[in-house]
Amino acid sequence: MRPIRRVWITRAQPGAARTAARLTALGYDPVVAPLLAIRPLPDALKTAPNFATVAALAFTSPNGVAAFAALTLDLRDLPVFAVGDATAEAARDAGFTDARSAAGDIHALAALIKASPIQGLILAPGAREPAGDLPALLPEHAVRRLPVYTAEETDAAPPADFDAVLLHSPRAARALAAALAAVLTPDVAANRVAVCISAAAAAPLAALSFAEIRTAEAPDENSVLTALGKSAGPV
């Protein structure tokens, strides 16, 4: 396995830029080539419920926060349930005054909601094709999804040279598998490392020839970077 210096960032902007800055601070050479792009859905509110009936909001990503906040100027006093710390921070930055972090995955988010005394409709703005099904995890609650953005594949080619690749979602991992399959060079993943945010993100890579597929201990970027390890430093 080759020393890890150049790290391919596959996540969409603006998250890719934040990850690149963190990698640079850790001594890596980040290669930003997103496999996904976030596209807000400008007509999303046409399918929204009457906001007067909404008791709380649930977000599974900072992308959902950004897209929903751009569509609404009020509702900032509603309680917010966030899947993790980065999503909760995004909600606070967007002006939501009561953002609670589940510090985990969608199952932790469901548990946080279950433990709350809040009753009434919980609106979950997010991706048109979400990675998880929050309403199904909360059958005893009134949870309604509201698609506010879509993640589209960019069809970006793999970088000419990279030592490791970061996968922040199962969708990005599927896009990576397709991108590498389209490369004519055999074993393009050989001697390289894939670092995945979850087991679900690692699954699409199983048939590829990576020297190692690492899975973060928790579904957050801090854990992804911990799994990546220390930079090999400059050549």
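Since we're looking at a predicted model, the values are computed, not measured. Basis for what follows: all heavy atoms, side chains included, without hydrogens, waters or symmetry-related copies.
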Derivation and outcome, side chain to side chain contact (heavy atoms under 4.5 Å, CB included), residues L23 and L225: CA-CA 8 Å; L23 286 173; L225 297 182; 3.7 Å; yes

Side chain to side chain contact (heavy atoms under 4.5 Å, CB included) assessment of V31 paired with I9: CA-CA 6 Å; V31 182; I9 301 169; over 6 Å; no

V80 and D98: CA distance, side-chain angles, deciding distance, side chain to side chain contact (heavy atoms under 4.5 Å, CB included) verdict: CA-CA 6 Å; V80 168; D98 180 9; over 6 Å; no

E221 and T19: CA distance, side-chain angles, deciding distance, side chain to side chain donor-acceptor pair (under 3.5 Å) verdict: CA-CA 8 Å; E221 184 162 270; T19 300; 2.5 Å; yes

From CA spacing to verdict: side chain to side chain contact (heavy atoms under 4.5 Å, CB included), T60, T87: CA-CA 7 Å; T60 56; T87 302; over 6 Å; no

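Summarising the geometry of Y149 relative to S61, their closest heavy-atom pair is OH-OG, 3.3 Å, with the distance given to 0.1 Å. Nearest heavy-atom pair, V54 versus P49, reported as atom, atom and distance to 0.1 Å: CG2-CG, 4.2 Å. In this structure, R144 and A48 approach most closely via the heavy-atom pair NH2-C, 4.1 Å. The two residues L109 and F59 come nearest to each other via the heavy atoms CD2-O, 3.9 Å. Across all non-hydrogen atoms, the minimal contact from V65 to A94 is CG1-CB, 4.1 Å. Across every non-hydrogen atom of L180 and A189, the tightest pair is CD1-CB, 4.2 Å.
V83 is connected to L134 through a chain of hydrophobic side-chain contacts under 4.5 Å among Ile, Leu, Val, Met, Phe, Trp and Tyr, so both are in one cluster. No continuous path of hydrophobic side-chain contacts links L123 to I113 [ILVMFWY only; heavy atoms under 4.5 Å]. Linking Ile, Leu, Val, Met, Phe, Trp and Tyr whenever their side-chain heavy atoms come within less than 4.5 Å puts V143 and I118 in one cluster. L75 and L41 are assigned to two separate hydrophobic clusters, defined by single-linkage of ILVMFWY side chains at heavy-atom distances under 4.5 Å. Under the 4.5 Å side-chain heavy-atom criterion for grouping Ile, Leu, Val, Met, Phe, Trp and Tyr, L121 is not connected to F81 through any hydrophobic cluster.
I197 is not listed as a side-chain neighbour of L167, based on a closest heavy-atom distance of 4.5 Å or more. Side-chain atoms of V148 and L71, non-hydrogen and from C-beta on, do get closer than 4.5 Å to each other.
Under 3.5 Å, the side chains of T97 and D77 contain no donor-acceptor pair of N or O atoms.
Between D74 and R76 there is no salt bridge, since no side-chain nitrogen of the basic residue lies less than 4.0 Å from a carboxylate oxygen of the acidic one. The residues D163 and R6 are annotated as not salt-bridged, no charged nitrogen and carboxylate oxygen being separated by less than 4.0 angstrom.
The backbone N or O of A151 lies less than 3.5 Å from a partner atom in the side chain of R171, making a donor-acceptor pair. One N or O on the side chain of T154 and one on the backbone of P34 form a donor-acceptor pair closer than 3.5 Å. Proximity of a side-chain donor or acceptor of T215 to a complementary backbone N or O of C196 within less than 3.5 Å is not detected. Formation of a donor-acceptor pair under 3.5 Å by the R145 side chain with backbone atoms of A127 is found in this model. Side-chain atoms of Q13 come within 3.5 Å of backbone atoms of A17 as a donor-acceptor pair (strictly under, hydrogens ignored). Checked by atom type and distance alone, the side chain of R22 never pairs as donor or acceptor with a backbone atom of R18 at under 3.5 Å. The backbone N or O of P158 lies less than 3.5 Å from no partner atom in the side chain of W8, so there is not a single donor-acceptor pair. Looking at D43, its side chain never comes within 3.5 Å of a backbone N or O of K46 through a donor-acceptor pair. No donor-acceptor pair under 3.5 Å is formed between the side chain of R100 and the backbone N or O of A82. Side-chain N or O atoms of Y28 include one that pairs as donor or acceptor with a backbone N or O of S231 at under 3.5 Å.
For the side-chain hydrogen bond (donor to acceptor under 3.5 Å, both in side chains) test, residues two or more places apart in sequence or in another chain that qualify with S223 are D220.
Going from atom CG of L176 over to atom OG1 of T10 covers 6.5 Å, rounded to the nearest 0.5 Å. Taking CG of N191 as the start and OG of S209 as the end, the distance is 8.5 Å to the nearest 0.5 Å. Once rounded to the nearest 0.5 Å, the distance linking CG of L146 with CG of L57 reads 9.5 Å. The CZ atom of R214 lies 11.5 Å from the OG1 atom of T226; values are rounded to the nearest 0.5 Å. One distance of note links CG of L45 with OG1 of T72; it measures 7.0 Å at 0.5 Å rounding. If you take CZ on R192 and CD on E212, they are separated by 15.0 Å, rounding to the nearest 0.5 Å.
Below 30°, between 30° and 60°, or above 60°: for F51 and F68 the angle between ring planes is above 60°, a perpendicular geometry.
With a 6.0 Å radius and a threshold of 12 heavy atoms from other residues, nucleotides or ligands, E89 has its CD atom at or below the threshold.
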